[in-house]
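Notes for the one structure printed next.
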Amino acid sequence: MGLDSIRVNNTMTGQKEPLKPLTPGKIGIYVCGPTVYSFIHIGNARTFCSFDVIVRYLRYCGFDVKYVRNYTDVDDKIINASRVVGRWTRDGKDSLLLEADGSGTFEGKKVKWNTDGASLTLVGVDAEPLKYPMKLEGGQMMLEPVGAPLQLSRQTPEMSAVELSARFVREFETDVAALHLLPPDVTPKVSEHMPEIVAIIEKLVAKDIAYASKGDVYFQVSKYPQYAKLSKRNLEDMQAGERVSVGEQKREPLDFALWKAAKPGEPSWDSPWGKGRPGWHIECSAMSSKYLGDTFDMHGGALDLIFPHHENEIAQSEAASGKTLCNCWMHAGFLDLEGAKMSKSLGNVVRLRDALEKVDAEALRYFFLSTHYRSPIAFNDKSLADAEARLEYFYETLKKVDERLAGKEAGAGPTHGEPGKWLKQFEEAMDDDFNFAGALSAVSGLFAAMNELTDKPPVKDKALVARTLHALRGMVGSVSGVLGLFEEPPAAWLLRRRDRQVKTKGIDPTRVETLIAARTTARAEKNFQEADRVRGELKTLGVEIMDTPGGTTWKVTA
RNA sequence: GGCGCCAUAGCCAAGUGGUAAGGCAAAGGUCUGCAAAACCUUCAUUCCCCGGUUCGAAUCCGGGUGGCGCCUCCA
């Protein structure tokens with residue numbers, strides 16, 4: 001562990017490389033944050049959680065980390081969504097209601113919706129999602145299903161894109177706090193960095209690498225020979241499949257927009273090319289250089305950002321500065337749902353917020369960490385239940401150990417065995433490209449050792465046992481800070497989990513307590529037959545009881 | 001079509017040249033009035049298939065087969 005032993009897989013080279021900070025002891029890391037047009041889903045959560053642990057570990061190793069994660073709050077998706085949110089009537093009757101949170105109703109049926117600006121997709125009306133070509137004009141919405149077109153009239157004021165994105169920044173922060181993500185050091189927003197964005201585009205235009213065209217500005221890919229070095233694509237092959245969308249003013253098909261001229265009614269900012277807004281990608285170039293400099297240490301995101309997003313960022317930034325953008329590119333793997341990637345067109349997106357109603361946030365976090373960050377991970381009920389059961393084991397252990405150690409000084413002296421080996425194993429796994437699963441294996445050893453010492457001490461010397469237990473408990477604190485797990489008081493976590501299970505299963509806690517009292521009485525009278533009968537009755541309710549030195553406790557069976 | 005990833009026990013999942021972590025499930029045991037929890041033991045001569053390199057390969061190379069991702073917005 002430490003400042004020189006970390007190795008990281010770099011997408012640029014496809015290899016694990018020693019982490020060599022630009023400035024010894026310091027790390028600048030930029031992670032592409034959310035486009036805030038909706039709630040985040042569990043796939044987003046997995047990526048952000050991975051980088052949260054990576055940053056925590058770098059700090060644990062002693063690095064002075066500057067962690068930047070942006071909000072893309074100016075974007076087509078936000079504008080598109082804001083333009084359709086509201087209540088719409090057809091022939092004077094309520095027809096369509098689209099809420100900002102993605103829910104709604106259509107012709108009396110509950111739906112989920114999304115839009116790309118040219119069509120409206122409704123999920124939940126039929127078995128298959130309905131995708132209607134859509135036109136918006138002066139408070140009217142024309143939907144064109146096969147057959148007769150529908151004309152809808154807006155009844156509520158249009159929501160501004162600013163209002164929509166501001167809301168989802170707040171929702172994001174709420175969601176992510178539930179997952180115990182630490183706030184980054186800087187969370188820049190596109191809307192607050194227009195001067196920086198315009199400046200970098202001007203620089204590219206001045207260098208004749210970008211060109212203005214009818215209010216748009218495009219990056220000319222052919223003027224940046226290293227294009228596609230991250231994704232390792234062949235430009236000729238790409239051009240064969242490329243198509244130019246209607247209305248775009250590109251010179252060459254691969255060119256991409258740095259600045260887009262505003263259409264009427266759209267939010268816009270002033271620029272040398274007229275009113276408009278930044279294209280996707282340029283905001284990250286502008287904001288990363290502002291907060292981390294032209295060259296920085298690490299840049300993260302999920303796999304799908306490799307192309308085109310990170311490729312374009314590299315082209316823009318490096319063409320503008322003449323320097324290498326970033327030394328190490330890190331990409332997180334996808335979360336799969338029932339064997340497939342989540343996608344809106346399939347209507348199988350699971351929001352983080354919805355997932356957290358069914359599974360404990362920390363269990364979800366544990367689930368994310370059970371697989372290497374670059375590997376795909378399959379989201380399913382069994383894995384989540386396993387994760388939650390495992391967390392129960394960890395917290396039960398901590399509760400027991402904390403009770404044992406309460407109010408006792410550790411004292412000086414030797415410890416039994418080698419308690420430090422688990423932490424060493426943990427660090428070695430984390431050093432090796434942040435091997436979460438490997439690290440968790442060491443955590444298992446740590447907990448097994450604590451349980452052994454409390455339940456079946458291998459030595460009689462009580463002071464020795466206590467010292468060893470203290471040492472192990474301290475190490476749990478260390479791994480806890482890195483993994484973002486076991487951060488709650490054990491009793492509180494266990495009780496909260498039981499409360500949720502009690503609600504889901506419809507168990508009456510008062511009745512459980514009454515039965516337990518009856519059994520305690522029976523046991524005191526040595527009426528074991530009756531005691532076992534009560535145990536059986538509790539079991540049919542889904543309740544398991546445990547006789548402990550402190551009395552009888554209970555839990556809900558899985 | 002182009003680029004890339006993956007394939008390890010019933011299940012999940014580490015392991016990139018030196019003889020298969022960890023978890024779940026299962027079986028036996030210790031403890032317990034009985035249980036539960038916890039702990040101990042057992043559980044892959046073998047890593048999709050076929051070749052090759054090597055003293056030695058799950059790990060490297062070639063060829064298959066199967067699954068997935070990106071190439072259009074996507075974490």
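A, B, ... follow the sequence lines: proteins, then strands. Residue 1 opens every chain.
- Nucleotide B/U32 is matched to nothing when pairs are restricted to Watson-Crick or G-U wobble geometry with both distances under 3.5 angstrom.
- Ring centroid separation for the pair A/Phe39 and A/Phe168 comes in under the 6.0 Å cut-off.
- For the pair A/Asp381 and A/Lys358, the salt-bridge criterion is not met [side-chain N within less than 4.0 Å of a carboxylate O].
- For B/C34, its base sits under 3.5 Å from the side chain of A/Asp547 at one donor and acceptor pair at least.
- Comparing B/C68 with B/A13, their P atoms sit 16 Å apart, to the nearest whole Å.
- A salt bridge is defined here as a Lys NZ or Arg NE, NH1 or NH2 lying under 4.0 Å from an Asp or Glu carboxylate O, and A/Arg351 with A/Asp175 fails to meet this definition.
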Yes or no on salt bridge (charged side-chain N to carboxylate O under 4.0 Å, His left out) for A/Asp386 and A/Arg390, after CA distance, side-chain angles and deciding distance?
CA-CA 6 Å; A/Asp386 285 353; A/Arg390 190 67 184 150; over 6 Å; no
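- The aromatic rings of A/Tyr224 and A/Tyr227 stand perpendicular to each other, their planes meeting at an angle above 60°, with 30° marking the opposite boundary.
- Picking from B/A13, B/G23, B/C71 the nucleotide with the shortest atom distance to the side chain of A/Ala437 gives B/A13.
- Nearest to the side chain of A/Lys77, among B/G23, B/C73, B/U16, sits B/C73.
- Evaluation of atom-type donor-acceptor distances gives a pair under 3.5 Å for the side chain of A/Asp532 against the base of B/G33.
- When Watson-Crick and G-U wobble pairs are counted only if both distances are under 3.5 Å, B/A26 pairs with B/U42.
- A distance of about 37 Å separates the C1' atoms of B/C39 and B/C6, rounded to the whole Å.
- The distance from atom NE2 of A/His331 to atom C1' of B/A75 is 10 Å, rounded to the nearest whole Å.
- The CZ-P distance, from A/Phe528 to B/U32, rounds to 13 Å in whole Å.
- Each of A/Leu440 and A/His41 was matched to the nucleotide of RNA chain B holding its nearest heavy atom; the match closer to the 5' end belongs to A/Leu440.
- The residue among A/Ser370 and A/Arg535 whose nearest nucleotide of RNA chain B lies closer to the 5′ end is A/Ser370.
- Scanning atom types as modelled, no donor and acceptor separated by under 3.5 angstrom connect the side chain of A/Arg233 and the base of B/G1.
- Within the 3.5 Å criterion, the main-chain N or O of A/Glu313 finds a donor-acceptor partner in the side chain of A/Ser285.
- For the pair A/Met546 CE and B/U32 P, the interatomic distance rounds to 18 Å; values are reported in whole Å.
- For the pair A/Thr557 and B/A36, the criterion of a side-chain N or O lying under 4.0 Å from OP1 or OP2 is not met.
- Checking B/U16, B/G23, B/A75 against the side-chain heavy atoms of A/Asp304 singles out B/A75 as nearest.
- Not a single donor-acceptor pair, N or O on each side, falls under 3.5 Å between the base of B/A13 and the side chain of A/His372.
- The aromatic rings of A/Phe447 and A/Tyr393 sit tilted, their planes meeting at an angle between 30° and 60°.
- Going from the C1' atom of B/G10 to that of B/U72 covers 41 Å, rounded to whole Å.
- One P atom belongs to B/C24, the other to B/C73, and the distance between them is 44 Å to the nearest Å.
- Using a 4.0 Å heavy-atom distance criterion, A/Arg374 is classed as making no nucleic acid contact.
- Rounded to whole Å, the separation between the C1' atoms of B/U8 and B/C48 comes to 10 Å.
- Nucleic acid contact class of A/Leu305 (heavy atoms, under 4.0 Å, all strands): sugar-phosphate only.
- Under 4.0 angstrom from either OP1 or OP2 of B/C39 there lies at least one side-chain N or O belonging to A/Tyr393.
- As rounded to the nearest Å, B/C5 and B/G63 have P atoms that lie 14 Å from one another.
- Both distances falling under 3.5 Å, in either a Watson-Crick or a G-U wobble arrangement, place B/C5 opposite B/G67.
- Dashed line: the shortest gap from a side-chain N or O of A/Asn451 to OP1 or OP2 of B/A37 is not under 4.0 Å.
- When each of B/A14, B/G23, B/G33 is scored by its nearest atom to the side-chain atoms of A/Ala531, the top-ranked nucleotide is B/G33.
- Atom CG in A/Asp455 sits about 9 Å away from atom P in B/A38, given to the nearest Å.
- When distances run from any side-chain atom of A/Lys555 to the nucleotides B/A36, B/A75, B/C34, the shortest one goes to B/A36.
- At whole-Å resolution of the value, CZ in A/Phe367 and C1' in B/G23 are 14 Å apart.
- Using a cutoff of 4.0 Å between basic side-chain nitrogens and carboxylate oxygens, A/Asp402 and A/Arg473 are scored as salt-bridged.
- Between the side chain of A/Arg46 and the base of B/A75, no donor-acceptor pair of N or O atoms lies under 3.5 Å.
- Side-chain atoms of A/Lys16 and base atoms of B/U16 include no donor and acceptor less than 3.5 Å apart.
- Across all strands shown, B/C55 pairs with B/G18; the Watson-Crick or G-U wobble distances both stay below 3.5 Å.
- Residue A/Ser383 is classed as having no contact, given no heavy-atom separation below 4.0 Å to the nucleic acid.
- Rounded to an integer number of Å, the gap from A/Leu337 CG to B/C68 C1' is 15 Å.
- For the C1' atom pair drawn from B/C11 and B/A44, the interatomic distance equals 14 Å after rounding to whole Å.
- Between the P atom of B/C31 and the NZ atom of A/Lys400 lies a distance of 17 Å, rounded to the nearest Å.
- Among the atoms of the strands shown, only primed sugar atoms or phosphate atoms (P, OP1, OP2) are found under 4.0 Å from some heavy atom of A/Ala448.
- In this entry the distance linking CZ of A/Phe334 with P of B/C68 reads 14 Å, nearest Å.
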